[in-house]
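Predicted, not measured: the structure shown is a model, and the values here were computed from it.
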Amino acid sequence: MKPSPEKNPLPENNAFHAGNSFHEKYPFHGRSPLREAHSYRGKLCIYILLQFLKQGLLLIPPYCYLLFLNEVITERRLERLWLVFSLYLAVFLGKTFVSVLIRIVYNQVFPAMRAEWKEKVLQKYGALDIPVLQGFSPGELKERLHHDTENLVLLREKKLEFVISLINILITTGILLYLNWILSLVSFLLLPLSFFITRHIRGRSNVEYEKIRNIQTTYNDFCIHNLYFWKEVKTNHSGERQQKEFESLWDAMGNAFLKTHMCWFMNRTFLAFKDVFLTKMGLYLLGGVLVIRQLATVPVLLTFMEYYGDFTNRLLSLSDNCMSWGEQEQSVKRIRSVMDLPLPERPLALDTFERLELKQIGFSYEDSPETILQNFSMELRRGEKIAIVGESGSGKSTLIRLMAGCLEPEQGEILWNGQPFRLTDRTSVYAKAGFLMQETSLFNLTIRENLLFGKEDASEPEMTDACTRANIMEFIRELPLGFDTVIGENGIRLSGGQRQRLLIARLLLKNPEVIVFDEATSALDYQNENEILELLLSNVREKTFVMVTHRSTSVAKCSRTVCLEKQAQPAKR
């Protein structure tokens with residue numbers, strides 16, 4: 001099946017820039033969480049122990065209440081008041097200290113797990129063939145990378161909390177039976193009804209969660225398409241129609257979101273009414289009868305109700321966890337379906353670049369009535385400077401995407417050093433080739449973090465040298481925070497020339513052997529474009545350089561020109 005130009009419009013921005021492979025571009029501040037997967041496993045055990053310690057401390061206050069009622073109120077032993085107060089204070093301070101430790105360990109464990117799974121999915125995306133990825137919409141890929149990986153880790157977290165709460169409930173059940181078995185049995189009679197109602201409501205909630213997921217995927221596709229083709233939307237005056245579609249998606253998402261929360265509200269309301277009102281009132285009434293018949297005491301009854309309150313809170317927490325499991329379990333299935341996809345065999349590697357050959361390449365987009373490339377051949381040798389020119393629609397950018405592996409040819413073959421690209425490890429190719437596309441890839445991070453996309457372990461002297469060679473270091477020194485200045489989404493706080501120079505600095509930091517320049521300066525004026533090209537060419541004299549351009553001044557800077565002609569005949573189907 002041929003790729004559509006609208007179905008997956010942004011592969012080059014996501015997968016290639018400054019010689020980075022798809023998964024190498026994901027920011028982890030110089031560290032890969034996969035290398036540190038072992039570091040949080042021990043901390044996870046500490047987190048579990050701390051949670052058990054906290055739950056144990058929460059069982060002590062009702063006991064202190066019992067001591068207060070028996071020792072101080074009933075027997076009037078005022079000297080025991082200090083003991084009870086000291087115990088309360090110790091439990092409070094201990095619980096606070098343990099809660100702080102839990103939060104510290106939590107922040108060291110679960111964010112790392114999320115980052116690890118996101119990188120795993122990202123690496124899987126980068127290793128799959130293009131046709132496989134094109135079986136998913138961009139919105140679906142985004143949801144699996146972000147929302148589903150978040151839910152996968154959240155499900156593990158919730159199941160861990162479920163086990164801890166369940167053990168706490170069992171301990172509390174033992175305490176309740178010890179205090180008064182009659183009250184305990186009565187309070188347990190309505191538990192099966194609670195689980196039955198929760199299970200029924202959960203089924204309805206899962207349906208609505210799946211609706212939200214599907215609408216979110218459609219919404220992501222809508223946003224990606226309109227952001228990428230905003231010029232076409234503006235030219236065709238279809239903004240009003242797009243606005244209505246946007247509002248329709250938000251309305252549908254809002255309705256499904258409301259229904260899921262209504263399911264949660266119904267479940268919570270039922271449990272609260274049953275446990276907090278009916279059961280508690282019944283227990284107080286029954287407890288009063290037992291006190292009158294001397295089968296219980298007032299301190300025991302009041303303490304029982306304290307433990308029962310904690311017992312019902314735990315049940316409500318378990319119920320909330322069960323309500324959200326449906327959505328999270330579906331996310332786990334989707335992640336597994338991605339991770340189980342077979343990987344293509346690419347046994348070859350590119351050690352150093354010598355030549356790139358395109359032989360009899362044919363290509364057309366799925367929805368295009370014309371052939372973009374037909375029987376196209378080209379050879380690029382080490383050290384050459386080539387300009388690719390042609391009228392709009394002749395396939396210049398398509399050719400670059402084919403060279404980069406963003407698209408696959410329908411006919412012919414692409415060879416790197418004589419090796420078929422389809423059998424060559426992509427990471428080894430991307431380590432040797434750097435791509436600067438028309439749409440820049442700068443992120444709402446600091447200058448330092450954006451540069452680290454080029455080389456994740458780069459030192460500050462290396463970054464300084466690259467920025468100096470790109471003629472942007474003087475500008476960075478004038479900034480109050482220097483390399484730590486946040487530049488905004490897509491470098492919005494920088495001028496066009498500054499963005500291009502920062503991109504060149506990142507490319508120079510990576511130091512690829514092949515540089516591909518796809519009309520990355522088309523939005524700049526002639527003077528700025530000339531300065532940037534002179535700057536780039538002066539730094540890559542010994543390297544291979546390919547430039548897609550429509551300006552004669554840029555063509556003159558290259559040693560050879562490849563001219564593409566627009567194909568007039570219809571594509572063969």
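The salt bridge (Lys or Arg N to Asp or Glu O under 4.0 Å) check on Asp465 picks up Arg469, with sequence neighbours excluded. Under the side chain to side chain contact (heavy atoms under 4.5 Å, CB included) criterion, Leu481 pairs with Asp484, Thr485, sequence neighbours left out. Scanning for side chain to side chain contact (heavy atoms under 4.5 Å, CB included) contacts around Val300 gives Leu179, Thr297, with sequence neighbours left out. Scanning for salt bridge (Lys or Arg N to Asp or Glu O under 4.0 Å) contacts around Glu150 gives Arg114, Lys118, with sequence neighbours left out. When the salt bridge (Lys or Arg N to Asp or Glu O under 4.0 Å) test is applied to Glu306, no partner is found at least two apart in sequence or on another chain. Shown here are the ring-ring contact (aromatic ring centres under 6.0 Å, His included) partners of Phe85, two or more places apart in sequence or in another chain: there are none. Listed by chain and number, the residues in a ring-ring contact (aromatic ring centres under 6.0 Å, His included) with Tyr65 amount to none (sequence neighbours excluded). With sequence neighbours excluded, no residue forms a side chain to side chain contact (heavy atoms under 4.5 Å, CB included) with Arg76. Under the salt bridge (Lys or Arg N to Asp or Glu O under 4.0 Å) criterion, Glu75 pairs with Arg77, not counting sequence neighbours. With sequence neighbours excluded, the residues that form a side chain to side chain contact (heavy atoms under 4.5 Å, CB included) with Asp310 are Leu59, Asn168, Thr172, Arg314.
Between Leu101 and Phe97 there is a side-chain heavy-atom pair separated by less than 4.5 Å. In this structure, Pro299 and Thr74 have side chains that are in contact, with non-hydrogen atoms separated by less than 4.5 Å. Residues Tyr63 and Ile175 fail the side-chain proximity criterion, which asks for heavy atoms closer than 4.5 Å. Put simply, the side chain of Val121 does not reach to within 4.5 Å of the side chain of Gln123, judged on heavy atoms. Taking 4.5 Å as the limit, some side-chain heavy atom of Lys142 sits within range of a side-chain heavy atom of His146. You'll find the side chain of Leu301 stays beyond 4.5 Å of the side chain of Leu290, heavy atoms only. Counting heavy atoms from C-beta outward, Leu451 and Leu502 have side chains that approach closer than 4.5 Å. For the pair Leu152 and Asp148, the minimum side-chain heavy-atom distance is 4.5 Å or more.
Distance alone, capped at 3.5 Å, is enough to place a donor-acceptor pair between the Arg499 side chain and the Gly491 backbone. Side-chain atoms of Ser248 do not come within 3.5 Å of backbone N or O of Lys244 as any donor-acceptor pair. Checking side-chain atoms of Arg477 against main-chain N and O of Gly482 turns up no donor-acceptor pair under 3.5 Å. Within the 3.5 Å criterion, the main-chain N or O of Lys120 finds no donor-acceptor partner in the side chain of Tyr125. The main-chain N or O of Ile472 is never found under 3.5 Å from a side-chain atom of Arg501 such that the two would form a donor-acceptor pair. With hydrogens and angles ignored, the 3.5 Å screen pairs a side-chain donor or acceptor of Gln498 with a backbone N or O of Ser495.
Applying the ring pair (Phe, Tyr, Trp, His ring centres under 6.0 Å) definition to pairs two or more places apart or across chains, those involving residues 147-174 are Phe162-Trp325. Sorted by first then second residue, the side-chain hydrogen bond (donor to acceptor under 3.5 Å, both in side chains) pairs that include residues 83-100, not counting sequence neighbours, number zero.
Note: Lys124 NZ to Glu119 CD = 14.5 Å, rounded to the nearest 0.5 Å. The line from CE of Met339 to CZ of Arg336 is 11.5 Å long, rounded to the nearest 0.5 Å.
The aromatic ring centres of Phe453 and Phe443 sit less than 6.0 Å apart. Taking the six-membered ring where the residue is Trp, the centroids of Phe311 and Phe188 are separated by under 6.0 Å.
Counting heavy atoms of neighbouring residues, nucleotides and ligands inside a 6.0 Å radius, atom CZ of Phe52 exceeds 12 of them. Counting non-hydrogen atoms of neighbouring residues, nucleotides and ligands closer than 6.0 angstrom, the CD atom of Gln294 reaches no more than 12 such neighbours. More than 12 heavy-atom neighbours from other residues, nucleotides or ligands sit within 6.0 angstrom of CG on Leu343.
Checked options Ile171, Ile164, Ile169; the residue passing with Ile167 is Ile171 (criterion: side chain to side chain contact (heavy atoms under 4.5 Å, CB included)). Each of Leu50, Leu49, Ile48 was compared with Ile46 under the side chain to side chain contact (heavy atoms under 4.5 Å, CB included) criterion, and only Leu50 meets it.
Considering every non-hydrogen atom in both Tyr307 and Leu176, the closest pair reads CB-CD2, 3.6 Å. The two residues Leu283 and Val186 have their closest heavy-atom pair at CD2-CG1, 4.3 Å.
A salt bridge links Arg448 to Glu460: one of the charged nitrogens lies within less than 4.0 Å of a carboxylate oxygen. Using a cut-off of 4.0 Å between Lys/Arg side-chain N and Asp/Glu carboxylate O, Lys333 and Glu329 are scored as not salt-bridged.
If you check the side chains of Tyr106 and Glu157, you find a donor sitting under 3.5 Å from an acceptor. Side-chain contact, Glu449 with Thr446: a donor N or O sits under 3.5 Å from an acceptor N or O. In this structure, a donor-acceptor pair under 3.5 Å is absent between the side chains of Arg144 and Ser331.
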Before giving the answer on side-chain contact (heavy atoms from CB on, under 4.5 Å), spell out for Leu341 and Leu128 the whole-Å C-alpha distance, their side-chain angles and the decisive distance to 0.1 Å. CA-CA 8 Å; Leu341 289 173; Leu128 292 172; 3.8 Å; yes

